[in-house]
Amino acid sequence: MAELTEQEKVRREKLDFLEDYNVNPFGERFDRNSNTEKIKDAFDKYSKEELAEMEHPTLKIAGRIMTKRGKGKAGFAHIMDQKGQLQIYVRKDALTEQEFEIFQKADLGDIVGVKGTVMKTKMGELSLKLSEFTHLSKALRPLPEKYHGLKDVEERYRRRYLDLMTNEDTRETFILRSKIIRAFRRYLEDKGYMEVETPILHPIVGGAAARPFKTHHNALDMPFYLRIAPELYLKRLIVGGFEGVFEIGRTFRNEGISIKHNPEFTMMELYEAYGDMESMMELTEDLIITVTEEVMGTLEIQYGDQTISLKRGWERLHMADAVKEHVGIDFRREDLTFEEAKEFALKKGLEIAPHYTGTGHILNLLFESFVEEKIVQPTFVYGHPIEISPLAKKNPEDGRFTDRFELIINTREYGNAFSELNNPIDQKERFEAQLKERDLGNVEANEMDNDYIEALEYGMPPAGGLGIGIDRLIMLLTNSKSIRDVIFFPHMRQKHQ
RNA sequence: GGGCUGUUAGCUCAGUAGGUAGAGCAGCGCCCUUUUAAGGCGCGGGUCGGAGGUUCGAUUCCUCCACGGCUCACCA
């Protein structure tokens with residue numbers, strides 16, 4: 001245990017001071033009848049004089065002391081609750097001697113309950129003139145600086161509570177996060193989709209291309225993976241007869257941490273019986289537009305120095321056409337060979353991984369390397385090659401492509417959807433192709449999931465499926481540069497002693 | 001993992017061409033019954049991220065380590 005700082009010692013001494021007065025430094029229930037926001041809404045419209053003359057109720061609120069100014073036999077402070085801050089005015093002659101002394105000894109960071117009536121100061125600030133002051137909880141450590149707040153990025157992530165206490169922007173971002181997720185749920189429930197929960201511990205890795213976290217169950221004495229996607233379980237529910245299900249939940253991927261990646265993140269996945277890629281495009285657009293309008297009140301989103309317009313009518317662009325336009329090679333050509341595509345990519349300076357064995361691998365590589373970075377306004381890029389889409393239905397006209405899309409906004413992927421592959425024979429072949437990739441060194445390839453194939457053999461209706469990265473959408477709407485700014489407790493390396 | 005970069009008081013930051021450090025806020029004492037980033041006077045608080053090295057002397061220069069940030073690679 002580290003030595004206490006001078007300020008910590010002083011605050012601990014104040015515990016004794018409170019106990020001398022029979023005051024519990026970490027007190028009890030306090031029944032409030034208002035909060036800082038309600039008080040401002042109800043009374044800020046009146047002038048100082050009006051407030052002085054009119055009758056108004058006695059109000060009780062509680063919160064943390066954020067600023068404090070002694071004025072001899074009086075004093076001011078701002079106390080903060082979840083809704084904001086309100087100034088309190090303390091006069092020696094309005095409180096008991098004990099209450100006033102406790103106020104004078106109170107520290108920034110202490111949590112107090114107060115009772116009083118509203119007034120306005122000479123400067124016109126709405127304030128609560130106290131008739132009672134109750135100490136509720138002692139803060140044994142000093143708060144970050146009252147004017148600048150907590151700036152140190154590392155500290156803001158590691159001790160988010162301090163960030164939330166002192167930085168209004170942080171509070172607003174997380175309030176928006178909550179509203180966005182609530183709007184998602186409401187929209188989907190209103191459309192008749194059912195929210196479900198599926199396992200997070202998976203015996204087999206599947207549903208996406210990613211490296212998993214591995215864990216172990218003691219009683220069963222078997223390994224489990226933390227899910228990289230809920231997809232295969234949700235589709236079992238479609239087999240089971242539910243016609244529209246969704247899950248909003250945590251997903252885990254054992255990969256690098258970056259401004260766009262946290263090891264655990266929140267996804268929304270949805271499956272709709274009798275739907276397809278196109279119905280998912282319609283749903284995605286309507287969902288994001290509805291949520292954005294509801295939460296933000298506008299479809300013009302400022303993100304960094306980009307202005308994104310989410311107005312209806314998002315562009316639809318076939319991946320092969322996009323690559324043809326920006327890179328100059330036509331992957332729709334029937335006679336395009338893998339060798340030719342590979343040569344083209346090599347000339348462009350790209351590296352070809354050993355498990356790249358089809359033209360589709362090259363197409364996707366070219367798209368991600370040269371085209372994705374050019375897409376700013378919301379665009380459905382569709383027609384992903386079959387090689388990288390083991391769970392999506394083949395396009396009926398050209399089996400080299402699938403009926404799959406990714407939603408790209410501001411060069412980043414926000415959603416992924418397709419006409420779900422419901423042919424168990426085809427699905428088995430796809431898994432086998434994935435196993436071959438695994439042998440060639442693709443650590444992210446899907447595993448064979450016989451249990452899932454068996455489910456498909458009982459018959460799954462044609463269906464559309466959709467996944468949306470919730471954290472990234474929240475980043476976009478809250479103009480947050482890093483995913484760490486929209487996740488309360490982002491993962492960081494442990495600081496050792 | 002690579003490159004660049006940061007770490008000084010509880011917080012926000014200066015600074016030292018190498019001679020063991022300052023300010024504001026916060027804290028302590030005194031004054032002040034409408035202040036508001038309150039004010040005035042006074043006081044205390046730092047193994048300058050850690051460990052080595054160079055040097056008479058290192059917070060400053062060098063090396064390594066720890067933990068961040070940005071970025072590239074991988075991915076959503």
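All values below come from the heavy atoms of this structure, side chains included, with hydrogens, waters and symmetry mates left out. A note on names: the letters A, B, ... follow the listed sequences, proteins ahead of strands, and every chain is numbered from 1. These numbers were taken from a predicted model, which means no experiment stands behind them.
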Which nucleotide in the set [options] lies at the smallest distance from any side-chain heavy atom of [X]?
X: A:Val10; options: B:G27, B:U12, B:U34; value: B:G27
X: A:Tyr157; options: B:U36, B:G69, B:G27; value: B:G69
X: A:Met123; options: B:U36, B:C32, B:G44; value: B:U36
X: A:His78; options: B:U36, B:U34, B:C70; value: B:U36
X: A:Tyr89; options: B:C70, B:U34, B:U12; value: B:U34

Problem - Those residues of residues 36-68 of chain A lying under 4.0 Å from RNA chain B by at least one heavy atom - result: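 Listed by number, they are A:Lys48.
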Handout entry: Within residues 345-367 of chain A, residues whose heavy atoms come under 4.0 Å of RNA chain B
Key =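 Nothing qualifies; none.
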Handout entry: Sidechain-backbone polar pair: A:Asp107 side chain, A:Gly109 backbone, donor-acceptor under 3.5 Å
Key =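 No, A:Asp107 side chain to A:Gly109 backbone: no donor-acceptor pair under 3.5 Å.
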Problem - Row check, A:Phe76 ring normal vs A:Lys71 NZ/CZ: under 6.0 Å, within 45° - result: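 No, A:Lys71 does not sit over the ring of A:Phe76.
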Problem - Cation over ring face, A:Lys68 and A:Phe103, 6.0 Å, 45° - result: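 Judged by the rule, A:Lys68 and A:Phe103 form a cation-pi pair.
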Exercise for the section: State, with a plain yes or no, whether a side-chain heavy atom of A:Leu15 is found less than 4.5 Å away from one of A:Leu140. Expected result: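 Side-chain contact under 4.5 Å: yes.
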Exercise for the section: Evaluate the side-chain proximity of A:Leu176 to A:Val295: yes if any heavy-atom separation is below 4.5 Å, no if none is. Expected result: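 When only atoms from C-beta onward are counted, A:Leu176 and A:Val295 do touch, with a gap below 4.5 Å.
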Any [X] side-chain N or O less than 4.0 Å from OP1/OP2 of [N]:
X: A:Arg493; N: B:C67; value: yes
X: A:Arg69; N: B:U33; value: no
X: A:Arg484; N: B:G69; value: yes
X: A:Lys151; N: B:G69; value: no
X: A:Arg11; N: B:G27; value: no

Practice task
Taking the six-membered ring for Trp and the full ring for Phe, Tyr or His, determine whether the centres of A:Tyr21 and A:His135 are under 6.0 Å apart.
Solution key: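 No, they do not, as the ring centres are separated by 6.0 Å or more.
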Handout entry: Ring centers of A:Phe367, A:His326 separated by less than 6.0 Å
Key =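 No.
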Practice task
Under the side chain to side chain donor-acceptor pair (under 3.5 Å) rule, collect the residues that match up with A:Glu447, sequence neighbours excluded.
Solution key: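 Partners of A:Glu447 under the side chain to side chain donor-acceptor pair (under 3.5 Å) test: none.
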Handout entry: side chain to side chain donor-acceptor pair (under 3.5 Å) partners of A:Glu247, counting only residues at least two apart
Key =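 So A:Glu247 forms a side chain to side chain donor-acceptor pair (under 3.5 Å) with A:Thr198, A:Arg227.
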Handout entry: Pairing nucleotide - B:U7, Watson-Crick or G-U, each distance under 3.5 Å
Key =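 Pairing partner, where one exists within any strand: B:A66.
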Handout entry: Protein-nucleotide distance (A:Met492, atom CE; B:G69, atom C1'), rounded to Å
Key =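 Result: 9 Å.
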Practice task
Could you check whether the rings of A:Phe380 and A:Trp314 sit parallel, tilted or perpendicular, using 30° and 60° as the cut-offs?
Solution key: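 Taking A:Trp314 first and then A:Phe380, their aromatic rings sit tilted (interplane angle of 30° to 60°).
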Exercise for the section: Would you kindly check whether a donor in the side chain of A:Ser127 faces an acceptor in the base of B:U34, or vice versa, at under 3.5 angstrom? Expected result: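 Counting by modelled atom types and ignoring angles, no donor-acceptor contact under 3.5 Å is found here.
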Handout entry: Heavy-atom donor-acceptor pair, A:Gln7 side-chain to B:A26 base, under 3.5 Å
Key =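 When only heavy-atom distances are counted, A:Gln7 does reach the base of B:A26 through a donor-acceptor pair under 3.5 Å.
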Determine all donor-acceptor pairs shorter than 3.5 Å in which one atom belongs to a side chain in residues 46-58 of chain A; sequence neighbours excluded.
{"residue": "A:Ser47", "atom": "OG", "partner": "A:Glu49", "partner atom": "N", "Å": "3.4"}
{"residue": "A:Ser47", "atom": "OG", "partner": "A:Glu50", "partner atom": "N", "Å": "3.1"}
{"residue": "A:Ser47", "atom": "OG", "partner": "A:Glu50", "partner atom": "OE1", "Å": "3.4"}
{"residue": "A:Lys48", "atom": "NZ", "partner": "A:Lys120", "partner atom": "O", "Å": "3.3"}
{"residue": "A:Glu50", "atom": "OE1", "partner": "A:Ser47", "partner atom": "N", "Å": "2.8"}
{"residue": "A:His56", "atom": "NE2", "partner": "A:Leu51", "partner atom": "O", "Å": "2.9"}
{"residue": "A:His56", "atom": "NE2", "partner": "A:Val118", "partner atom": "O", "Å": "3.4"}

Problem - Interatomic distance at P, B:G44 relative to B:U5, whole Å - result: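 Approximately 40 Å lies between the P atom of B:G44 and that of B:U5.
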Exercise for the section: Pick out which of A:Lys14, A:Arg141, A:Lys138 makes a salt bridge (Lys or Arg N to Asp or Glu O under 4.0 Å) with A:Asp110. Expected result: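 For A:Asp110, the salt bridge (Lys or Arg N to Asp or Glu O under 4.0 Å) check succeeds only for A:Lys138.
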What protein N or O atoms touch nucleotides 20-22 of chain B N or O atoms at under 3.5 angstrom, if any, and at what distances?
none

Exercise for the section: Under 4.0 Å between any heavy atoms, over every strand shown, what does A:Gln87 touch: base, sugar-phosphate, or nothing? Just pick one. Expected result: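 Base contact.
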